[in-house]
Amino acid sequence: MQPKRTKGSARPRRPERPDRPARQPERPDQPARWPERPVQRPEQETDAQRRRRRAQFLRELTEARELRDRVQPRRAKVARLRHAMRMRTFRW
């Protein structure tokens, strides 16, 4: 039976395993996994750039939805029927 740990006590360390190589720390000479993206300030972005980015996002979103509908036709049909029911019950 394991001894009870008291509140705030440290977790016991695992014993070293000689059959596994030790983890190597990340070396600075290797490139980072995710390159830093330049952060663009909102005041530097023009309305046209924002609209272009938004249009691109909406195109990709529509494409993803169409792909999902093709891959899961039953779920897409149920979603269409639910949407139609919601639109019928909503009154302007």
* Asked: Less than 4.5 Å apart, any side-chain heavy atom of Arg75 and any of Arg68?
  -> no

* Starting from Leu58, walk the hydrophobic network (Ile, Leu, Val, Met, Phe, Trp, Tyr; side-chain heavy atoms closer than 4.5 Å) and list everyone else you reach, by chain and number. => Phe57, Leu61

* Should side-chain heavy atoms under 4.5 Å link Ile, Leu, Val, Met, Phe, Trp and Tyr, which residues sit in the same cluster as Val71? -> Leu67

* Contacts of type side-chain contact (heavy atoms from CB on, under 4.5 Å), residue Arg82, not counting sequence neighbours -> Val78

* Structure fact -> Residues passing the side-chain contact (heavy atoms from CB on, under 4.5 Å) test with Ala79, sequence neighbours excluded, are none

* Asked: Can you tell if the side chain of Lys77 reaches within under 4.5 Å of the side chain of Arg74, non-hydrogen atoms only?
  -> no

* Asked: Which residues satisfy the side-chain contact (heavy atoms from CB on, under 4.5 Å) test with Ala48, sequence neighbours excluded?
  -> Thr46, Arg51, Arg52

* Asked: Of all residues at least two apart in sequence or in a different chain, which pass the side-chain contact (heavy atoms from CB on, under 4.5 Å) check with Gln56?
  -> Arg59, Glu60

